[in-house]
*Asks:* 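Pasting a structure below so you can have a look.
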Amino acid sequence: MIKTGVAIASDEELQWVLAEASRCLFCVDAPCIGGCPVHIDIPQFIRLIRWKDFKGAKETIKIANFMGSICGYLCPAGELCQKDCVLSKTGSPISIAALQRFACDRADYGSEIKTAAGTKKRVAVVGGGPAGLSCALELRGFGHEVDLFEKEKFLAGTVAQEIPEFKIPQHILKKEIGELDLNQIRIHLGIEVDRNLLEREISKQYDAIFLGVGLSRSKPTDLNRKNLKNVFDASQFLNSIKNGAINQLKGICITIGGGDTAVDCARMALRLGAQRSILAYRRSQKEMPAAKAEVRQALEEGVEILWQVTPFRLAGQKKVEAIEFARTKLVSSAQSGRKRFKEVAGAKLKLPVNVVVFALGKDRDDGLGHFLGDRTKTIDLKTLQVGKTKYFVGGDFFNGGETVVEAIADGQRAARSIDHYIRSG
Ligand code: SF4
């Protein structure tokens with residue numbers, strides 16, 4: 001199988017890639033394209049790989065997705081394009097993501113924005129993650145002046161801050177960001193746009209505003225954490241690993257949650273030396289929202305999973321030492337359609353633990369979340385416009401946390417809507 005993160009392919013990898021590309025049927029209707037949120041011309045880039053035109057393949061990918069390399073690493077392709085590949089009926093779909101990674105790693109490419117005639121209209125983009133960046137680059141291409149505000153001192157949002165190195169190597173991320181034509185956008189790093197700044201200044205100075213600030217507030221837990229040491233939120237945990245503040249773990253690490261981020265934390269704990277890494281989820285495997293391939297890999301690596309448990313107590317003196325769970329059962333819910341969990345009376349489980357990570361998801365930042373407030377109900381799901389206002393939204397801030405490629409697709413869609421809004425007056 002192809003290795004990831006290798007800029008210069010070995011002969012073995014090259015042969016694998018060429019053989020995989022030659023399996024593609026180059027379908028005329030290409031259902032795989034429909035499965036890709038940004039509609040990359042998949043048969044075309046695979047055809048170019050087959051002809052060994054790796055630069056051409058990368059160009060084809062980048063026309064549709066300026067973060068094609070990052071998505072080659074992070075997309076749950078088995079649930080997107082590969083799921084729709086006609087060969088999936090045979091049980092062996094084309095490994096589209098691996099081919100995409102290969103083309104992007106192999107070729108160098110500078111994506112210069114071809115801008116339409118200037119409109120002299122100004123758009124503010126708030127948030128420098130995948131949604132904000134894709135929106136800003138598209139808008140510039142449409143000829144608008146773009147200012148991008150990002151609260152951190154770097155771009156790429158949670159991809160840079162939290163997604164572990166084993167999923168996307170840092171040098172790949174740097175290479176992709178370095179290939180973007182950012183000179184044509186005014187980028188303001190280290191500027192946090194709060195509600196005050198947004199309403200008092202930005203809204204008066206710009207013709208349209210895109211909000212793609214992501215989710216920055218970890219969902220709270222009902223559990224009393226008692227200020228015990230070695231109890232983290234997932235963001236804090238992953239961020240501390242990325243910046244080197246946590247570089248090894250000892251003993252047992254328990255992660256609470258069932259999403260992709262929870263799985264990342266559990267896999268990371270093993271890599272940092274934890275003797276056991278246990279994922280605890282309150283529903284069953286079937287309801288777990290994490291990508292199936294990620295869960296499978298986690299199990300293969302040695303992560304243990306406890307299904308249908310919910311924590312109710314942490315114990316310890318200064319550091320966390322034990323955690324107690326109640327067993328749960330699932331009951332139908334007429335309201336949500338998703339099964340609710342209920343604690344089973346008397347069914348308890350106590351485990352010793354050295355590190356606890358809560359990966360319960362994230363909410364919108366208070367300030368801008370409140371700004372959106374009731375307006376959320378007025379968002380047009382097609383255009384991403386907030387009511388009839390000059391505000392547009394996209395990415396995790398809007399959808400509550402989906403994939404990177406979906407955030408990019410949102411940014412592109414919002415840019416087209418903003419362009420229409422500006423030009424139609
Ligand atoms: Fe190739 Fe599969 Fe797409 Fe057909 S559906 S073009 S076989 S990747």
Side-chain angles (χ1 to χ4, degrees), residues 1-7 9-109 111 130 134 138 167-168 172 175-176 179 260 290-297 402-413 416:
M1 181 52 79
I2 190 169
K3 293 187 180 66
T4 58
V6 181
S10 67
D11 256 11
E12 195 192 341
E13 280 176 322
L14 184 57
Q15 291 318 315
W16 181 88
V17 162
L18 295 176
E20 186 65 3
S22 68
R23 282 205 311 122
C24 179
L25 305 174
F26 307 109
C27 313
V28 178
D29 56 347
C32 52
I33 299 178
C36 171
V38 290
H39 306 302
I40 293 174
D41 189 342
I42 292 167
Q44 175 62 2
F45 93 71
I46 296 180
R47 186 179 286 112
L48 291 167
I49 287 179
R50 198 168 158 191
W51 294 342
K52 298 191 188 170
D53 179 0
F54 304 119
K55 189 161 187 281
K58 185 166 181 174
E59 274 168 10
T60 306
I61 294 163
K62 290 270 192 168
I63 285 168
N65 183 355
F66 76 100
M67 278 188 163
S69 179
I70 291 171
C71 289
Y73 282 83
L74 299 180
C75 269
E79 291 166 28
L80 297 170
C81 54
Q82 284 172 208
K83 186 165 126 245
D84 288 343
C85 172
V86 290
L87 293 175
S88 63
K89 290 186 193 112
T90 67
S92 200
I94 300 293
S95 302
I96 300 168
L99 295 180
Q100 183 167 321
R101 279 198 299 272
F102 180 87
C104 291
D105 285 355
R106 173 95 177 186
D108 285 322
Y109 177 70
S111 48
S134 68
E138 292 278 328
K167 284 180 103 172
I168 172 102
I172 298 288
K175 183 180 176 202
E176 183 121 289
E179 286 174 353
D260 286 333
K292 289 180 184 59
E294 301 283 328
V295 178
R296 199 172 49 241
Q297 279 174 11
E402 297 289 342
T403 58
V404 171
V405 71
E406 277 156 321
I408 292 168
D410 274 0
Q412 294 174 345
R413 193 147 52 103
R416 288 192 293 273

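Order of appearance sets the numbers: ligands from 1, and atoms from 1 within every ligand.
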*Asks:* Just to confirm my output: which protein heavy-atom neighbour is closest to atom 2 (Fe) of ligand 1, and how far is it?
*Replies:*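 Minimum-distance protein heavy atom for atom 2 (Fe) of ligand 1 reads C85 SG, 2.4 Å.
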*Asks:* Side chain of S134, backbone of I408: donor and acceptor closer than 3.5 Å?
*Replies:*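 Such a contact is found between S134 side chain and I408 backbone.
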*Asks:* Which of the listed options, S95, C27, G35, holds the heavy atom that is closest to atom 6 (S) of ligand 1?
*Replies:*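 The nearest heavy atom belongs to C27.
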*Asks:* Salt bridge or not for K62 and E176, using N-O below 4.0 Å?
*Replies:*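 Salt bridge flag = yes for E176 with K62.
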*Asks:* When you measure from atom 3 (Fe) of ligand 1 to every protein heavy atom, which one gives the shortest distance, and what is it?
*Replies:*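 It is C32 SG, 2.4 Å.
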*Asks:* Thinking salt bridges, do E179 and K58 make one under a 4.0 Å N-O criterion?
*Replies:*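 K58 and E179: salt-bridged.
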*Asks:* Check L87 against R23 and note the closest heavy-atom contact, atom names and distance.
*Replies:*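 In terms of heavy atoms, the two residues are closest at CD1-O, 3.7 Å.
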*Asks:* Need the ligand 1 atom indices (1-based, order shown) with element for anything under 4.0 Å from a heavy-atom of V86.
*Replies:*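 Once the distances to V86 are compared, the set is 2 (Fe), 4 (Fe), 5 (S), 7 (S).
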*Asks:* What residue and heavy atom of the protein are closest to atom 7 (S) of ligand 1, and at what distance?
*Replies:*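 The protein heavy atom lying closest is L25 N, 3.4 Å.
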*Asks:* Strictly under 2.8 Å, is any N, O or S atom of C24 next to atom 3 (Fe) of ligand 1?
*Replies:*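 So C24 does not bind atom 3 (Fe) of ligand 1 by this criterion.
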*Asks:* Do E20 and S95 meet the criterion of a side-chain donor-acceptor pair at a distance under 3.5 Å?
*Replies:*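 Yes.
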